[in-house]
Amino acid sequence: MPMELTQSRMQKIWIPIDHRPSLPRPCGPQLTNSPTVIVMVGLPARGKTYMSKKLTRYLNWIGVPTKVFNVGEYRREVVKEFSSYSFFHPDNEEAMKVRKQCALAALRDVQLYLKEEGGQIAVFDATNTTKERRDMVLDFAKENDFKVFFIESVCDDPSVVASNIMEVKLSSPDYRDCSSAEAMEDFMKRIDCYQVNYQPLDPDNHDRDLSLIKVLDVGRRFLVNRVQDYIQSRIVYYLMNIHVQPRTIYLCRHGESEYNVLGRIGGDSGLSIRGKKFSVALCKFLEEQNLKDLKIWTSQLKRTIQTAEALKLPYEQWKALNEIDAGVCEEMTYEEIKETYPEEYALRDQDKYYYRYPTGESYQDLVQRLEPVIMELERQENVLVICHQAVMRCLLAYFLDKSADEMPYLKCPLHTVLKLTPVAYGCRVESIYLNVEAVNTHRERSEEAKKGPNPLMRRNSVTPLASPEPTKKPRINSFEEHTASTSTSLPSCLPREVPTQNLNLNNSQNQF
Amino acid sequence: MSDLQSQRAPQEGLRVCVTNCPTLIVMVGLPARGKTYISKKLTRYLNWIGVPTREFNVGQYRRDLVKTYRSFEFFLPDNEEGLKIRKQCAEAALRDVRRFLSEEGGHVAVFDATNTTRERRETIFKFGEENGYKTFFVESVCVDPDVIAANIVQVKLGSPDYIDCGNDEATEDFMNRIECYKNSYETLDENLDKDLSYIKIMDVGRSYLVNRVMDHIQSRIVYYLMNIHVTPRSIYLCRHGESELNLKGRIGGDTGLSPRGKEFAKSLAQFINDQNIKDLKVWTSQMKRTIQTAEALGVPYEQWKVLNEIDAGVCEEMTYEEIQEHHPLEFALRDQDKYRYRYPKGESYEDLVQRLEPVIMELERQENVLVICHQAVMRCLLAYFLDKTAEQLPYLKCPLHTVLKLTPVAYGCKLESIFLNVEAVNTHRDRPENVDISRPPEEALVTVPAHQ
């Protein structure tokens, strides 16, 4: 019967009655139709991997399954001992062959990820500095019906390059047994090897028809060509808002509130006595931090504003930072919820990320609501965000690259400030408890939820993941094994199937 | 510029620019490159999101000064009289810019003129510095003769300048006018202008060059400019079919369609079919009534939570009579300032606009779209397309069972209103005369439309 609708139990989404309850759905526009390969371009130490990882983290957080494929890591798997920059010399034929095979292996994984593993975006992180290499990638994409978007980083400022090398190259596995000075010297020579044959993207002529963004001088200038769709437009906007200035982000909740004490969720109550004490302690803490130009943001709920008032500094109220709306369950205790809405109570434990309170919100809704906050946090420098438990979990998940599954269970206790400092490819976290007692409002994952993934969550669903570990690397044993495939199902530029192994690689990102 | 120089504070070259300083957007480009189109559209967008913005079109100042336009010769580079007048006009416009930004609470001023020489741009930049404004240049570069010809047809032939000319005459004169500027045109240069903040738009948005974006508002402006396009298309706005709660005069809630509402949904399907629209996207909210309406169309549609009706908080599912009875103060406050008024535990129109901004951005990116939404939401979207103020917005008429078809034309939007001939209750409540908090109930309820 047309127009007969039923509301899905978990997400409270109205669907026609003759359809099966569907996969968890995004609640916004269709972000992209065909899968996209993002191709990084640039000399070594230009921030390609930095941008790849950051972008991937952002895209996953907003719900677009994205993964980085770093060709350097593939190379490290094959070539066990890195000897020196001479490996990268353009005349080193043996090495050139290996490097090409690594690129092809990575592309094969890209294909698997986008076609069979539910990926939407693959970031192909390599230098890709020659037209020839880029044409190979374009052909690969064309054969597979993938869109391609190039991100080139161009930077000739020697101090930036040197600083990048210090930050992320000296500690690379390649230079494990070298001194800093040795490593620096070798790396500079490595860059020279690429410089000789570097053909930057040329949107005025040769690359007129490609979709691309050229990032110049760490974001001072951008050249954007032929943005094709919504997701590319978001990527451009994101890249134009991030920066690399050192700065610190402080996240904390409001001081303990009267409702916290009563065990009631939501509402708009004021601070308890201990909550007020916390605000004073927070004020002192900030003074000790001795920060230049701190911005302070709160929600529009009384408890965060009361907390900010004690700081005696200007602050900005954001409605978008309000706590998750618990709909019909607002101001109830968990016991009351369990008694009045037992089914809702159970559903929430089953899938806390997608679960939407009746007439309220879900964590998934929160992420969408908080996206402008994240964007503005990226633009800013030192910021203190005084918010709420669920909101803080969402923000933290973004900075620490936590999946949708982990997000609703991140620990964000009252009266504790999380200090986030960008470092290398990730974020350092310090947790500072301000020594004022408060109730614990954290509920662990229930036994029910621990049983395993919800049957509703299928592999191909748009489930935000943390940026996946680059786990599967084909072990390329010898060069002779890779002959062109005769199978019609694989494009001719890729090697035939090689057995894959589960390899856990060291991730240089510090995790909370 | 001596008039402006005398405004300078003694011993101070410039005023200190604080983070919230006003922004001066300076358009750059040959005639018929879309500068005014961009100025007006950008101004409309910024005002809608709550940033007080105004455009200052120097050509308009010239028309006010030089009563009759004779020919392109006015613009010849060696026409001294012409040059003097044009300079005066630019100065007058900048004086008004200063008044708007420094005295009238304006946040952004769009200075719409060719500004094709480096010298002119330096003058304006200095003016900005002296007054504590951040300057952002928007240059439009286009060499495609078809685009230029189309622009001339769209907006120049109808200009007051050519009121007494035939089309061919006007086109020829305008082409000559463009020539006058070409020789002295100095495009924004990646070396000479490397310290300026600007965006260069090439070939109507095929590519962009962005330099030194300084702050949040510039970043938003760049994002907006990169998402708009000029491909012809139509946007259809309508509300869900009449709902059960509509019949009872109750606001909010999440009910299904009434029998007449279902009829409307079928009529809508017929209407869409008849319109024969290429690649129509259909968007709904996540409320039952819009989805039920969309289901009748038999085409794929996307649900957006942000298109949900305004949250009436404690007043959800009440009639206006009940609101007057239980929350008379709130009811009066709402009538006093319907745009900013927020329902307790609910939302305001102002909140709605912020929530709907991604919808507007995506509507700009898209081509043919049908948005099936709700009264308050539709008012917000309509206000964006028709450039309505915050005061007008909450009282725009968006009746049930009526489709509004918006088609971009020239500098604005053509609006067609199509009633699909299925009766429905009226849900529009005008502002009553008496908005005082002590008003008697009858006076509060005098404009409530009839219901069951």
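These values consider heavy atoms only, across backbone and side chains, with no hydrogens, waters or symmetry-generated copies. Protein chains get the first letters and strands the later ones, always in sequence-line order, with residue 1 at the start of each. Since the model is a prediction, treat every value here as computed from it, not as a measurement.
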Side chain, backbone, both or neither of B:Met287 within contact of chain A (heavy atoms, under 4.5 Å): backbone
Over 12 foreign heavy atoms within 6.0 Å of CZ, A:Arg9: no
side-chain contact (heavy atoms from CB on, under 4.5 Å) assessment of B:Glu295 paired with A:Glu4: CA-CA 9 Å; B:Glu295 276 292 320; A:Glu4 289 296 314; over 6 Å; no
Check against side-chain contact (heavy atoms from CB on, under 4.5 Å), B:Asp254 and A:Trp14: CA-CA 10 Å; B:Asp254 193 10; A:Trp14 289 104; 2.9 Å; yes
A:Glu361 vs B:Lys305, side-chain contact (heavy atoms from CB on, under 4.5 Å): CA-CA, chis, key distance, verdict: CA-CA 10 Å; A:Glu361 293 177 303; B:Lys305 187 175 194 281; 3.8 Å; yes
Under 4.5 Å from a heavy atom of chain A, the part of B:Lys345 involved: side chain
From A:Asp204 atom CG to B:Ser207 atom OG, the distance as rounded to the nearest 0.5 Å: 7.0 Å
Proximal component of B:Tyr198, with respect to chain A [non-hydrogen, under 4.5 Å]: side chain
Lys/Arg N to Asp/Glu carboxylate O, B:Glu190 vs A:Arg221, below 4.0 Å: yes
Residue part contacting chain A, namely of B:Arg342, when any heavy atom lies under 4.5 Å: side chain
Neighbour count above 12 (heavy atom, 6.0 Å) for A:Arg226 CZ: yes
Positions in residues 370-380 of chain A that reach chain B, provided some heavy atom is under 4.5 Å away: A:Glu376, A:Arg379
Ring pair (Phe, Tyr, Trp, His ring centres under 6.0 Å) partners for A:Tyr355, two or more places apart: A:Tyr357
Side-chain donor/acceptor of B:Gln286 to backbone N/O of A:Lys12, under 3.5 Å: no
Choice from B:Arg206, B:Arg355, B:Arg212 maximising heavy atom contacts with chain A below 4.5 Å: B:Arg206
Heavy-atom contact with chain A under 4.5 Å, split by part of B:Asn308: neither
Intermediate values then yes/no, side-chain contact (heavy atoms from CB on, under 4.5 Å), B:Ile291 and A:Leu5: CA-CA 8 Å; B:Ile291 296 167; A:Leu5 301 177; 3.8 Å; yes
Whether over 12 other heavy atoms sit under 6.0 Å from B:Lys281 NZ: no
Which portion of B:Asn211 sits near chain A, non-hydrogen atoms under 4.5 angstrom: both
Approximate separation, where rounding is to 0.5 Å, of A:Arg208 CZ and B:Asp203 CG: 6.5 Å
Taking every non-hydrogen atom, the tightest pair across A:Arg234 and B:Tyr223: NH1-OH, 2.9 Å
By side-chain contact (heavy atoms from CB on, under 4.5 Å) - contacts of B:His107 (at least two apart): B:Val51, B:Pro52
Residue pairs, two or more places apart or on separate chains, that pass ring-ring contact (aromatic ring centres under 6.0 Å, His included) and touch residues 343-367 of chain B: B:Tyr341-B:Tyr343
From A:Leu216 atom CG to B:Leu209 atom CG, the distance as rounded to the nearest 0.5 Å: 8.0 Å
